[in-house]
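First up is the structure itself, then whatever we jot down about it.
Reckoned from all heavy atoms, side chains included, excluding hydrogens, waters and symmetry mates. If you're wondering where the values come from, they're calculated on a predicted model, not measured in any experiment.
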Amino acid sequence: MTATLLRTAADLHARARTGRRAVVMTMGALHEGHATLIRTARKTAGPGGEVVVTVFVNPLQFGAGEDLDRYPRTLDADVELAGRSGADAVFAPSVDEVYPGGEPQVRISAGPMGERLEGAARPGHFDGMLTVVAKLLHLTRPDVALYGEKDAQQLALIRRMVRDLNFGVEIVGVPTVREEDGLALSSRNRYLSPVERRTALALSQALSAGRDRHAAQEALRARAREVPATRARAEALSAIGESRAAADAHAVATTAGGPAAVRAAARLVLDEAARLDPPLRLDYLALVDPSDFTEIGDDFTGEAVLAVAARVGATRLIDNIPLTFGPFGDAS
């Protein structure tokens with residue numbers, strides 16, 4: 001399948017439109033993670049619908065000292081990959097097309113949620129991101145827009161903007177795509193030298209350690225639910241030597257786990273990576289409520305996100321995984 005390259009909104013609006021339009025927004029330098037988004041968009045739009053991929057390196061979301069100038073531009077390869085993955089069109093506007101009067105005086109504010117984690121590390125980033133997403137949603141007029149879950153805070157903010165400002169579009173998150181060694185796919189991975197890449201693997205390894213600690217905790221909770229509820233049952237189990245094991249499971253499940261243990265398991269991996277050569281320089285490790293990206297407490301129940309950001313050499317990387325916390329005694 002060959003994707004049509006479009007440079008102006010007028011060209012995009014002139015296209016005959018039938019069925020659902022699904023949009024995938026990118027900054028180019030497309031890789032397999034983007035290809036997965038496009039393939040998912042193709043399924044979402046259906047055979048009678050249309051998939052549009054946007055390629056635009058948005059200057060508003062790059063802060064001072066960030067990599068706007070060296071951000072990779074590979075439009076020809078992007079158009080080829082987009083078409084091969086199922087896109088009908090690639091909309092690659094110029095900066096003047098998106099911001100015809102120069103930098104916009106009126107912008108979307110990400111609010112308090114946009115000042116946490118990534119927002120604290122990159123002031124103004126989310127205001128710029130939401131501004132261009134709002135503009136591209138208006139320019140492309142999709143029925144559904146798809147975004148990767150690797151940028152969890154970005155996805156949460158887009159969902160919040162669409163809900164709070166009554167955008168008539170469905171937002172779909174697509175799970176993170178990883179390379180064979182576990183590193184989350186990113187256009188910035190190409191900046192890593194072989195030794196830097198080995199250090200960078202600590203991000204996904206830390207998340208896996210937190211997830212594994214949580215899984216072990218849930219297994220102990222399941223075992224604790226087998227603790228006898230009556231004295232008669234306790235005596236019966238004691239006769240076959242199981243009461244101590246059940247009691248141990250109960251004690252560990254109720255006192256030695258939860259969010260604090262997940263954070264500790266992940267941080268242990270990151271602390272070890274900080275001693276490597278080259279070292280990993282941690283920006284943050286956070287276990288947050290995805291509705292507002294505030295840290296969760298030890299009594300939290302529900303969906304959560306374990307997120308990490310760090311620098312290896314000159315390259316800054318982010319990653320996250322979802323977790324679910326249930327109350328003791330309930331399935332999670």
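Looking only at side-chain heavy atoms (C-beta outward), Thr74 and Leu30 stay at 4.5 Å or farther from each other. Side-chain contact between Leu60 and Arg107 is present, with heavy atoms from C-beta onward closer than 4.5 Å. Within the 4.5 Å cutoff, the side chain of Asn189 has heavy atoms near those of the Ser186 side chain. Taking the side chain as every heavy atom from C-beta outward, Phe91 and Val23 never approach each other to under 4.5 Å. Residues Val174 and Val24 fail the side-chain proximity criterion, which asks for heavy atoms closer than 4.5 Å. Residues Met161 and Ile171 fail the side-chain proximity criterion, which asks for heavy atoms closer than 4.5 Å. Counting only heavy atoms from C-beta outward, the side chains of Tyr99 and Lys135 approach each other to under 4.5 Å. Looking only at side-chain heavy atoms (C-beta outward), Met25 and Leu137 come within less than 4.5 Å of each other.
Environment of CG in Asp76: sparse, with no more than 12 heavy atoms of neighbouring residues, nucleotides or ligands closer than 6.0 Å.
Distance check: Arg198 CZ to Leu276 CG gives 10.0 Å after rounding to the nearest 0.5 Å. In this structure, Thr18 OG1 and Glu50 CD are separated by 7.5 Å, a value rounded to the nearest 0.5 Å. Distance check, rounded to the nearest 0.5 Å: NE2 of His34 to OG of Ser85 gives 11.0 Å. A distance of 11.0 Å separates CZ of Arg275 from CG of Leu270, quoted to the nearest 0.5 Å. Rounding to the nearest 0.5 angstrom, the gap separating the CZ atom in Arg160 from the CE atom in Met113 is 7.0 Å. The line from OG1 of Thr26 to CZ of Phe56 is 11.5 Å long, rounded to the nearest 0.5 Å.
Side-chain N or O atoms of Asp78 include one that pairs as donor or acceptor with a backbone N or O of Ala29 at under 3.5 Å. A donor-acceptor distance shorter than 3.5 angstrom exists from the side chain of His13 to the backbone of Leu139, with no hydrogens or angles considered. Of the possible polar contacts, none joining the His125 side chain to the Gly119 backbone as a donor-acceptor pair under 3.5 Å is found. Remark: the backbone N or O of Leu287 is paired with a side-chain donor or acceptor of Glu295 at under 3.5 angstrom. A donor-acceptor pair is defined here as one N or O able to donate and one able to accept, closer than 3.5 Å; no such pair exists between the side chain of Glu97 and the backbone of Ala92. Without hydrogens or angle criteria, Arg20 side chain to Gly48 main chain gives no donor-acceptor distance under 3.5 Å. Using modelled atom types, no side-chain atom of Arg178 and backbone atom of Leu185 make a donor-acceptor pair closer than 3.5 Å.
Of the residues listed (Thr54, Asn58, Ile108), the one engaging Val132 in a side chain to side chain contact (heavy atoms under 4.5 Å, CB included) is Asn58, and it is the only one.
Residues Leu183 and Ile318 do not share a hydrophobic cluster, defined by chaining ILVMFWY side chains whose heavy atoms lie under 4.5 Å apart. When the side chains of ILVMFWY residues are joined at heavy-atom separations under 4.5 Å, either directly or via intervening members, Val55 and Tyr147 end up in two distinct hydrophobic clusters. The hydrophobic clustering, which links ILVMFWY residues whose side-chain heavy atoms are closer than 4.5 Å, places Val133 and Val169 together. Transitive grouping of hydrophobic side chains (ILVMFWY, heavy atoms separated by less than 4.5 Å) keeps Phe293 and Leu285 in distinct clusters. Transitive grouping of hydrophobic side chains (ILVMFWY, heavy atoms separated by less than 4.5 Å) keeps Leu117 and Leu306 in distinct clusters.
Between Thr176 and Ala184, the closest heavy-atom pair is CG2-CB, 3.9 Å. Listed here is the closest heavy atom pair of Ala152 and Asn320: CB-ND2, 3.6 Å. Minimum interatomic distance between Val308 and Leu282 (heavy atoms only, all atoms of both residues): CG2-CD1, 3.7 Å. Ala156 and Pro290 make their closest contact through CB-O, 3.7 Å (heavy atoms, listed as atom of the first residue, atom of the second, distance). For Gly28 against Ser187, the heavy-atom pair with the smallest separation is O-OG, 3.7 Å.
Of the charged side-chain nitrogens involved, none lies within less than 4.0 Å of a carboxylate oxygen, so that Asp88 and Arg15 do not count as a salt-bridged pair. With salt bridges taken as basic N to acidic carboxylate O contacts below 4.0 Å, one links Glu118 and Arg316. Under 4.0 Å is where a charged nitrogen must lie from a carboxylate oxygen, and between Glu32 and Arg39 at least one such pair does.
Using the six-membered ring where Trp is involved, Phe300 and Phe325 have ring planes that are perpendicular, over 60° apart on the 30 and 60° scheme.
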query: What's the verdict on side chain to side chain contact (heavy atoms under 4.5 Å, CB included) for Arg197 and Glu179, showing C-alpha distance, side-chain angles and the deciding distance?
result: CA-CA 12 Å; Arg197 185 184 177 91; Glu179 301 193 41; 2.9 Å; yes
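Ser94 and Asp96 share no donor-acceptor pair across their side chains, judged by distance under 3.5 Å alone.
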